[in-house]
Amino acid sequence: MEVMQVLHMNNGEGETSYAKNSNIQRKIISATNSRLKEAILNIMCNNNNNKNVPESIGVADLGCSSGPNTLMVVSEIIDIIDETSRKSGISFPELRISLNDLPGNDFNDIFRSLPSFFHKVKEEKGAENCYVVGVPGSFYGRLFPQKSMHFVHSSSSLHWLSQVPLGLGTNNAIMSSLNKGKLYISHTSPSDVINAYVSQFQNDFSTFLRSRSPEIVPGGRMLLSLMGRSSIDPTIEDGCYYQWELLANALSNLVSKGLVEEEKIDSFNAPYYAPCPEEVKIAVENEGSFMIDRIETFEIEWDARVSSNSSEDKILLSRGQQVAKTIRAVVESMVENHFGNEIMDDLFSVYGDLVDDYIYKKKAVYVNLVVSLKRKE
């Protein structure tokens with residue numbers, strides 16, 4: 001699986017689109033607002049020395065996606081900068097905003113939303129020196145010129161790996177059979193599979209840090225939130241672990257109906273890893289360019305008590321089916337690439353039923369890691 005070519009959130013504004021099924025991600029962004037404000041104030045105030053406020057501030061949102069959440073962080077940053085500038089009696093600085101995602105992202109949707117966004121900023125803040133560009137490409141590599149960024153943000157993105165862990169690709173029948181019937185790490189996964197995932201995460205996260213290091217000015221900040229887990233043991237039923245289990249079970253259900261070949265399940269391994277705080281700390285310390293200000297975890301329910309945007313869905317959809325729509329909007333592009341388009345409706349219908357059963361019996365929450373970093377000076 002070529003992750004860079006295949007992975008993207010569902011485009012458009014249809015019923016299975018990310019635009020209509022990204023309330024979980026919105027709540028995650030909202031939950032980190034206090035840390036966002038803390039990072040921007042550190043950049044603006046620079047130890048309460050307003051004379052050193054940058055005249056031009058570079059901001060990047062990595063894994064920005066498209067839809068109603070895309071400019072949410074940017075709007076919050078503008079509010080913080082505007083409030084701080086007014087209180088300090090300084091002019092609103094030039095703001096250079098870079099929105100990054102993989103090439104399959106619906107950048108056209110973002111660009112169409114910009115005229116109204118700029119108009120709102122001008123009307124409410126009087127600021128005309130905000131500039132927004134789209135930057136397609138993988139954040140597991142260089143994206144920006146040297147020392148051009150003061151703040152880098154990423155939410156709900158860094159749990160995606162650059163590739164399926166080495167040795168677990170579709171062409172490796174031996175390793176596929178080791179993780180038989182599973183899409184991700186499971187309690188039945190042998191150590192070879194687990195080690196492949198751990199190694200891929202460490203390599204990818206280290207590459208991410210090395211790529212950002214020359215791009216961020218000394219003293220600049222990063223705020224990263226990603227799916228994670230609280231336990232050191234990756235086979236513990238924690239966070240998103242069981243969502244991948246249920247998706248594997250839904251596919252097995254379709255095998256029994258003759259709609260999916262069993263070998264197809266065995267040869268699929270998700271390019272995903274939910275780390276624990278200790279694994280993030282190890283990667284940051286080994287890379288050496290950044291200091292950890294904070295690393296925290298918080299939980300959010302699978303359905304986050306948020307209903308669909310569709311009034312019809314509010315009446316007809318169970319909690320499990322609403323969760324299924326959220327997951328489908330995120331993973332459908334790569335699942336469809338491997339299993340084919342024909343089974344998608346059946347797959348996520350079965351998956352929704354399995355989620356209903358699961359959340360009736362157990363507490364179903366995502367575990368999110370929030371990592372605040374400072375570029376060493």
Side-chain angles (χ1 to χ4, degrees), residues 3 7-9 18 21-32 35 61-65 69 73 101-102 139-140 153-165 182-186 194 197-198 200-202 204-205 208 222-248 269-284 294-304 306 323-335 351 355 358-359 362-373:
V3 175
L7 179 61
H8 60 81
M9 307 300 101
Y18 184 76
N21 297 283
S22 54
N23 286 315
I24 288 287
Q25 292 83 353
R26 188 175 189 86
K27 280 188 168 285
I28 291 170
I29 292 172
S30 295
T32 62
R35 297 296 172 240
D61 190 14
L62 309 184
C64 65
S65 191
N69 298 346
V73 172
D101 213 315
L102 293 175
F139 48 52
Y140 294 120
H153 174 271
S154 181
S155 181
S156 299
S157 296
L158 274 163
H159 42 255
W160 294 112
L161 302 172
S162 67
Q163 63 181 50
V164 174
K182 303 298 180 182
L183 308 179
Y184 179 58
I185 294 172
S186 172
I194 296 169
Y197 270 99
V198 172
Q200 189 65 52
F201 170 76
Q202 287 294 335
D204 279 351
F205 199 73
F208 173 84
M222 281 205 294
L223 179 63
L224 314 174
S225 60
L226 62 154
M227 295 296 179
R229 65 181 197 276
S230 54
S231 171
I232 294 176
D233 184 355
T235 67
I236 295 296
E237 296 179 11
D238 194 3
C240 278
Y241 167 96
Y242 221 84
Q243 288 203 332
W244 289 109
E245 287 281 292
L246 294 178
L247 192 57
N269 289 278
Y272 171 96
Y273 188 73
C276 64
E278 289 76 11
E279 289 171 317
V280 172
K281 289 177 184 177
I282 289 170
V284 173
R294 301 174 187 268
I295 183 165
E296 305 160 289
T297 63
F298 70 92
E299 295 181 348
I300 187 169
E301 293 184 359
W302 282 6
D303 63 351
V306 176
V323 172
K325 287 185 70 176
T326 298
I327 298 301
R328 181 173 183 172
V330 173
V331 306
E332 184 169 17
S333 64
M334 62 179 180
V335 174
Y351 177 71
V355 172
Y358 181 78
I359 61 180
K362 296 186 178 183
K363 180 183 178 182
V365 295
Y366 300 107
V367 175
N368 281 267
L369 297 188
V370 183
V371 187
S372 301
L373 299 165

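In this chain, numbering begins with 1 at the start of the sequence shown. Any value given below was found using the heavy atoms of this structure, including those in side chains, with hydrogens, waters and symmetry copies removed.
- When side chains are defined from C-beta on, L224 does not count as touching R35, because their heavy atoms never get closer than 4.5 Å.
- In this structure, the side chain to side chain donor-acceptor pair (under 3.5 Å) partners of T235, at least two apart in sequence or on a different chain, are D233.
- Of the possible donor and acceptor atoms, none in the side chain of Q200 sits under 3.5 Å from a partner among the backbone N and O of Y197.
- To the nearest 0.5 Å, atom CD1 of residue I327 and atom CD of residue E332 are 12.0 Å apart.
- Screening F205, Y272, F201, Y273 for a ring-ring contact (aromatic ring centres under 6.0 Å, His included) with H159, the sole residue that qualifies is Y272.
- Of all heavy-atom pairs spanning T32 and V370, the tightest one is CG2-CG2, 3.7 Å.
- Separation of atoms CZ (F139) and CH2 (W160) is listed at 11.0 Å; rounding is to 0.5 Å.
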**Request:** Show the numbers, then the answer: is there a side-chain contact (heavy atoms from CB on, under 4.5 Å) between E299 and N368?
**Result:** CA-CA 6 Å; E299 295 181 348; N368 281 267; over 6 Å; no
* Asked: Does the side-chain contact (heavy atoms from CB on, under 4.5 Å) test come out yes or no for V73 and I29, once each step is laid out?
  -> CA-CA 7 Å; V73 172; I29 292 172; 3.6 Å; yes
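- Between I359 and A364, the closest heavy-atom pair is CG2-CB, 3.3 Å.
- Residues P165 and A270 come closest through the heavy atom pair CD-O, 4.4 Å.
- Among all heavy-atom pairs drawn from L223 and S372, the shortest one is CD1-OG, 3.6 Å.
- Relative orientation of the Y140 and F208 rings is perpendicular, given thresholds of 30° and 60° on the angle between their planes.
- How far CG of D61 is from OG of S157: 7.5 Å, rounded to the nearest 0.5 Å.
- For the pair Y351 and L247, the tightest heavy-atom approach, listed with the atom from each and the gap, is CE1-N, 3.5 Å.
- With respect to Q25, the side chain to side chain contact (heavy atoms under 4.5 Å, CB included) criterion is satisfied by exactly one of S225, S65, S30, S156: S156.
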Where do V355 and L246 land on the side-chain contact (heavy atoms from CB on, under 4.5 Å) test, with the steps shown first? CA-CA 7 Å; V355 172; L246 294 178; 3.9 Å; yes
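- Separation of atoms CD1 (I24) and CZ (R26) is listed at 13.0 Å; rounding is to 0.5 Å.
- Look at E301 and K363 and you find no salt bridge, because none of the NZ, NE, NH1 or NH2 atoms lies under 4.0 Å from a carboxylate O.
- A donor-acceptor pair is defined here as one N or O able to donate and one able to accept, closer than 3.5 Å; such a pair exists between the side chain of N69 and the backbone of S22.
- With hydrogens and angles disregarded, no donor-acceptor distance shorter than 3.5 Å links the side chain of T297 to the backbone of L369.
- At least one donor-acceptor pair closer than 3.5 Å links the side chain of Q202 to the backbone N or O of E279.
- Nearest heavy atom pair, residue R229 against residue A274, reads NH1-O, 2.7 Å.
- Looking at Y366 and Q243, their side chains do bring a donor and an acceptor atom within 3.5 Å of each other.
- In this structure a side-chain-to-backbone donor-acceptor pair under 3.5 Å is present from D204 to S162.
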Residues I232, E278; criterion side-chain contact (heavy atoms from CB on, under 4.5 Å); working and verdict:
CA-CA 7 Å; I232 294 176; E278 289 76 11; 4.1 Å; yes
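- Residues V365 and F298 are not in side-chain contact: their nearest non-hydrogen atoms beyond the backbone lie 4.5 Å or more apart.
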